[in-house]
Amino acid sequence: MGKTEIASALNSWYEREARDLPWRAEGASPWAILVSEFMLQQTQVERVLPRWVAWMERWPTPSALAAEEPGEAVRAWDRLGYPRRALWLHRAATEIATLHGDAVPADVDRLLALTGIGPYTARAVSVFAFGERHPVVDTNTRRVIARLVHGRAAAGMPSPRDLADMEALLPESDAEAAVFNAAAMELGAVVCTARSPRCDDCPVAAWCEWRGAGYPDNAPAKRPKQARFEGSDRQVRGRIMALLRRRPDPAPLADVLAAAAEGGVRDPGQPRRAHDSLVADGLVVELDGLVRLP
DNA sequence: AACTCGGGGCC
DNA sequence: GGCCCAGAGTT
């Protein structure tokens, strides 16, 4: 009953109201879109924008990035968080340059084979850069579907059913499907938000099962609680990465361990463990008591 | 299936 | 202080 109307209402809302983001512009290259998707993994649009602009200015093609040391990618990543993504993006660029003639592949399976690209990013690039027809499901879309279709306050754990749910709503034409995928994400990001949804501004409120049921507080399984950041290994790793981004030359290990402890640690062994884990991840290289980016 | 991995912003 | 965020890789 509502499928066509929902898509039509949501798509026209998107055409009217969507934020004007540079990777959505007409001339955005597949590489530009791929870079945006890497940066947007677990990171909000406002924080990504300036880093993305600088990145595309400096490395307009995969081969341009592949020609640089991976550490330069990590440095340019700045404080976007999860710096392994910078390393993986550099690797993906190298794979695209060498295996695909510097052209981002359009096919989901070939995208999935690239480092750092999983189920979400592969479909997002295939759909938004090449116009292929697939369901694209991120955390926003999962919440929109949970409310609109299932009448729940929040999404449960991620599952393969998410893709089937989205597929069931997807318009037939490739072009409309691509807009619908983007529109569902946009709706979740700016209207159907996790904390205080703005249902008065929602273009599909009339079809929303959760609204129809009177906004029951029926949230299913939550994701596991995130450990506190303060005093965590993540925080200590972050201190080390901040130091190495800042320093142009290799830093003595003693300086690195001191910086890791700055502001306090849970136990004396934490700086060393953090350093070792960074080395294991390939984010840090240690040679002769000197520490540097890869 | 559960863990790990940044950092910032908002309540 | 807890929760959330255009997820992915490892075990």
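So that the names make sense, note that chain A is the first sequence line, chain B the second, and so on, each numbered from 1.
No N or O donor and acceptor, one from the side chain of A:Arg143 and one from the base of C:dA6, sit under 3.5 Å apart. A:Gln226 contributes a side-chain N or O that forms a donor-acceptor pair with the base of B:dG7 under 3.5 Å. A:Arg47 contributes a side-chain N or O that forms a donor-acceptor pair with the base of B:dG7 under 3.5 Å. With hydrogens and angles ignored, a donor-acceptor pair under 3.5 angstrom links the side chain of A:Arg84 to the base of B:dC5. You'll find a donor-acceptor pair under 3.5 Å spanning the side chain of A:Gln44 and the base of C:dC5, going by distance alone. You won't find any donor-acceptor pair under 3.5 Å spanning the side chain of A:Ser232 and the base of B:dG6, going by distance alone.
With B:dG6, C:dG7, C:dC4 as the candidates, the nucleotide lying closest to the side chain of A:Arg195 is C:dC4. Among the nucleotides B:dC5, C:dA6, B:dG7, the one closest to the side chain of A:Glu186 is C:dA6.
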Task: A:Tyr215 and A:Trp210: CA distance, side-chain angles, deciding distance, ring-ring contact (aromatic ring centres under 6.0 Å, His included) verdict - done: CA-CA 5 Å; A:Tyr215 304 115; A:Trp210 186 48; 4.9 Å; yes
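Residues A:Glu5 and A:Trp207 bring no donor and acceptor atom of their side chains to less than 3.5 Å of each other. A donor-acceptor pair shorter than 3.5 Å cannot be found between the side chains of A:Thr193 and A:Arg198.
A:Trp77 comes within 4.0 angstrom of no nucleic acid atom, judged by non-hydrogen atoms across all strands.
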